[in-house]
Protein chains: 2
Amino acid sequence: MNQDGVDLERSLGYLLKEASSVLRAAMEEVLRPLGMSVTHYSCLELLAQRPGLSNSELARGAFVTRQSMNVLLQALERDGYVTRPAEASVGKVLPARLTPRGRRSLEKATVAVRSVEVRMLAGMTETEQSGAFRILQSMVHSLRDGNDGA
Amino acid sequence: MNQDGVDLERSLGYLLKEASSVLRAAMEEVLRPLGMSVTHYSCLELLAQRPGLSNSELARGAFVTRQSMNVLLQALERDGYVTRPAEASVGKVLPARLTPRGRRSLEKATVAVRSVEVRMLAGMTETEQSGAFRILQSMVHSLRDGNDGA
DNA sequence: TGATTCATGTCAGCATTCTGACATACATTG
DNA sequence: CAATGTATGTCAGAATGCTGACATGAATCA
């Protein structure tokens, strides 16, 4: 096993990828016992905080394509966690909402995920946390404005 | 389109996922013209900086399973970007190395990726960057020590 | 009004990654 | 030395996400 101090070890991009990977693994670990994937949880959490989101909006919020979110939504609807009207009242948009069962399922998951986030922030001061927040936001804006956000 | 100020907007975990997603998209965008995926590039970059890494070590460095890295390595070997000895000299470990062709291919990719990283860091001071570095490292350590790193 | 542009929901096919499993090689330990 | 544990490379099947494509509804604009 090599242990050179090389460029990758100094790249913020690489470190960002690593952090995201570790966070995802930690979330999968606590969600697996609940039979829930990260995207699955993200969808439910989004719906809890913004009831009536459409499939496309949920996809953007969970950082997947609307096609991927669609298959998930259909499964969640089939299993009774989510409801959508059979026909759109205005355009083609079908606003989704949590069922009581979906809300119950989300509660356990939220507790589990929050524990991960708490663990992630352990050892960081309030000041550091808000600093991290600003910096990550800055990265997102810089990357978006640069090319595809125009 | 809703625009409530909700919890997700204040979650560092969510923001981390967003940043990672945007970074990945930006990298894919500049690597696509070169016919290269992010994992593909990561593998080459790792080999350039640490020649002789094994398949499993490359997998850990690129945050994928060794099975996934194996299919990539076989393709890279078939196309002449990478070489591995036919038989292991010591254990089962097959140390991989870049061919001249692999090195040439990597050079263009490195330029492209560096431009993305520069764009990402635009508007951040040196102090902020090293602060971000420390904070991300802290997150990684906290999450790892908590469960699977023991 | 009619044409164009854009966003949505959804279907089908493809690509990538993962999980599971197996044989092998070394290290450790009794 | 034998047994166990750990790590590796690799194959096969399953899951997940993506790209491409289509029809439809709404908004924009000449």
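All values derive from a computational prediction rather than experimental measurement. Chain identifiers are assigned alphabetically (A, B, ...) following the order of the sequence lines, protein sequences preceding nucleic acid strands; residue numbering begins at 1 within each chain. Both backbone and side-chain heavy atoms feed into the values below; hydrogens, waters and symmetry mates do not.
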Q. Taking the side chain of B/N70 as its heavy atoms from C-beta onward, which of C/dC18, D/dT10, D/dA26 lies nearest to it?
A. D/dT10
Q. What is the distance, rounded to the nearest whole Å, between atom CZ of B/R60 and atom P of D/dT6?
A. 15 Å
**Q.** B/L72 or B/R66, whichever maps to the more 5' nucleotide of DNA chain C
**A.** B/L72
Q) Without hydrogens or angle criteria, can the side chains of B/S42 and B/T39 be said to hold a donor-acceptor pair below 3.5 Å? A) no
**Q.** Under 3.5 Å donor-acceptor pair, B/Q67 side-chain atoms to D/dG13 base atoms
**A.** no
Q: Would you mind classifying the nucleic acid contact of A/S68 as base, sugar-phosphate or nothing, using non-hydrogen atoms under 4.0 angstrom?
A: base
Q.
Checking contacts here: which listed nucleotide (C/dT8, C/dA21, C/dT10) is nearest the side-chain heavy atoms of A/V93?
A. C/dT8
Q. For A/T39 and A/G91, take the nucleotide of DNA chain D holding the closest heavy atom to each; which residue's nucleotide lies nearer the 5' end?
A. A/T39
Q: Check the distance between D/dC18's P and A/N55's CG and give it to me in whole angstrom.
A: 12 Å
Q. Which nucleotide in the list C/dT19, D/dC11, D/dG9 gets nearest to the side chain of B/Q74?
A. D/dC11
Q. What is the distance, rounded to the nearest whole Å, between atom NE2 of B/H40 and atom C1' of C/dT17?
A. 17 Å
Q. What's the CG-C1' distance between A/L94 and D/dG25, to the nearest Å?
A. 12 Å
(Q) Between B/R134 and A/E128, does any side-chain N to carboxylate O distance fall below 4.0 Å? (A) yes
Q. Any Lys/Arg nitrogen of A/E107 or A/R103 sitting under 4.0 Å from an Asp/Glu carboxylate oxygen of the other?
A. no
Q.
Just to be sure I understand the rule, does A/S37 reach a base, reach only the sugar-phosphate, or reach nothing, if contact means heavy atoms closer than 4.0 Å?
A. nothing
Q) In terms of side-chain heavy atoms of B/K92, which of C/dC11, D/dG9, D/dC18 is nearest? A) D/dG9
Q | For atom CD of A/E28 and atom P of C/dT17, their distance in whole Å | A | 15 Å
Q. Do NZ/NE/NH1/NH2 and the carboxylate oxygens of B/E18 and A/R144 come within less than 4.0 Å?
A. yes
Q) Side-chain N or O of A/T65 less than 4.0 angstrom from OP1 or OP2 on D/dG17? A) no
Q.
Can you see if the side chain of A/R24 gets near the phosphate of C/dC18 - specifically, an N or O under 4.0 Å from OP1 or OP2?
A. no
**Q.** Separation of atom CE in A/M69 from atom P in D/dG17, rounded to whole Å
**A.** 9 Å
(Q) In this structure, how many angstroms lie between the C1' atom of C/dG9 and the CD atom of A/E57, rounded? (A) 13 Å
Q | Distance-only side-chain donor-acceptor flag, B/Y41 / B/E45, under 3.5 Å | A | yes
Q | Protein-nucleotide distance (A/R84, atom CZ; C/dT8, atom P), rounded to Å | A | 13 Å
**Q.** Phosphate contact (D/dC18 OP1 or OP2) by B/R32 side-chain N/O below 4.0 Å
**A.** no
